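Some notes on the structure that comes next.
Indexing begins at 1, ligand by ligand and atom by atom, following the structure's order. Along the sequence shown, the residues carry numbers beginning at 1. Keep in mind it's a predicted model, so treat the numbers as computed, not measured.
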Amino acid sequence: MTAPFHVALFTLFPEMFPGFLGQSLSGKALERGIWSLETVQLRDFATDNHKTVDDTPFGGGAGMVMKPDLLDRALHAHQPLGRFIYMTPRGKPLTQKMAHALAREQRLAILCGRYEGVDQRLLDAYDAEEISIGDYVLSGGEPAAMILLDAIVRLLPDVIGNAGTHDEESFENGLLEYPHYTRPARWTGPDGVERAVPEVLLSGHHARVAAWRHEQSEAITKERRPDLWEKFKKND
Ligand code: SAM
């Protein structure tokens, strides 16, 4: 039986999966059948004796490019793909909003690049949705796909026990989250300074706690992420 959320991962390194997705929340959700993961070894779709998956770029230059015919055979053999994603630094930067939208899908197919990337014609032919996990270059799409899936899977129904848990997390309301504190109420750090938990959090006064947390969220967002703060103010 397929899980309500199925992912097909196209990679040259299927042994990297499930990796950390097999642990903790996502791992338990995998065991419970909330989501399922199928890895596809792209090399299995090579037709020559050397199992070639890449070739030199037309126009010259450094590096190798993953072959469109090989990728096409792999994708063709795994229809329906559902939403088809290619992990690439050129893609749309991953956001919490995108993670929510993808968590509403039933099937995802994710292509992990290696070398210089993938022949553009394959991406055009399959209308790939290109997603980046940040402005830096990794050596392959596998860790990027894992990060994308981690962000999605924790949003699937029943993965996190308390449905309200997400509501106040960073980015959910356009702000970064407020600071957290737990016992002991007074704690002395390695610098010898005793630090107390803010009084308001011990007051038991829910409205005051909520107001304090909101103020903190605003202050932290304003200081650390002026880009988010500007957006938040515009939508307020
Ligand atoms: N030549 C590419 C460029 O300059 O945009 C970088 C290729 S990178 C060495 C190899 C693969 O890693 C990419 O095809 C992509 O699948 C993955 N990758 C690297 N950085 C990434 C990022 N920030 N987000 C998503 N995927 C990334």
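- With sequence neighbours excluded, no residue forms a salt bridge (Lys or Arg N to Asp or Glu O under 4.0 Å) with E38.
- Contacts classified as side-chain hydrogen bond (donor to acceptor under 3.5 Å, both in side chains) and involving residues 147-160 (residues at least two apart or in different chains) are given here: R154-E169.
- Residue D227 forms a side-chain hydrogen bond (donor to acceptor under 3.5 Å, both in side chains) with just one option from R224, K231, R225, and that option is R225.
- By the 4.0 Å N-to-carboxylate-O rule, K233 lies close enough to E230 to be salt-bridged with it.
- Sequence neighbours left out, the pairs with a member in residues 55-84 that pass salt bridge (Lys or Arg N to Asp or Glu O under 4.0 Å) are K67-D69, R83-E105, R83-E129.
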Are there any protein N or O atoms under 3.5 Å from the N or O atoms of ligand 1? List them with distances, or say none.
| residue | atom | partner | partner atom | Å |
| --- | --- | --- | --- | --- |
| ligand 1 | 1 (N) | E116 | O | 3.1 |
| ligand 1 | 1 (N) | E116 | OE1 | 3.0 |
| ligand 1 | 12 (O) | G140 | N | 3.4 |
| ligand 1 | 12 (O) | G141 | N | 3.4 |
| ligand 1 | 14 (O) | Y86 | OH | 2.8 |
| ligand 1 | 16 (O) | M87 | O | 2.5 |
| ligand 1 | 16 (O) | G113 | N | 3.0 |
| ligand 1 | 20 (N) | L138 | N | 2.9 |
| ligand 1 | 23 (N) | G134 | O | 3.0 |
| ligand 1 | 23 (N) | Y136 | O | 2.8 |
| ligand 1 | 24 (N) | I133 | N | 3.1 |
| ligand 1 | 26 (N) | T88 | N | 3.3 |

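- Two different hydrophobic clusters hold L155 and I133 under the rule that ILVMFWY side chains link at heavy-atom gaps under 4.5 Å.
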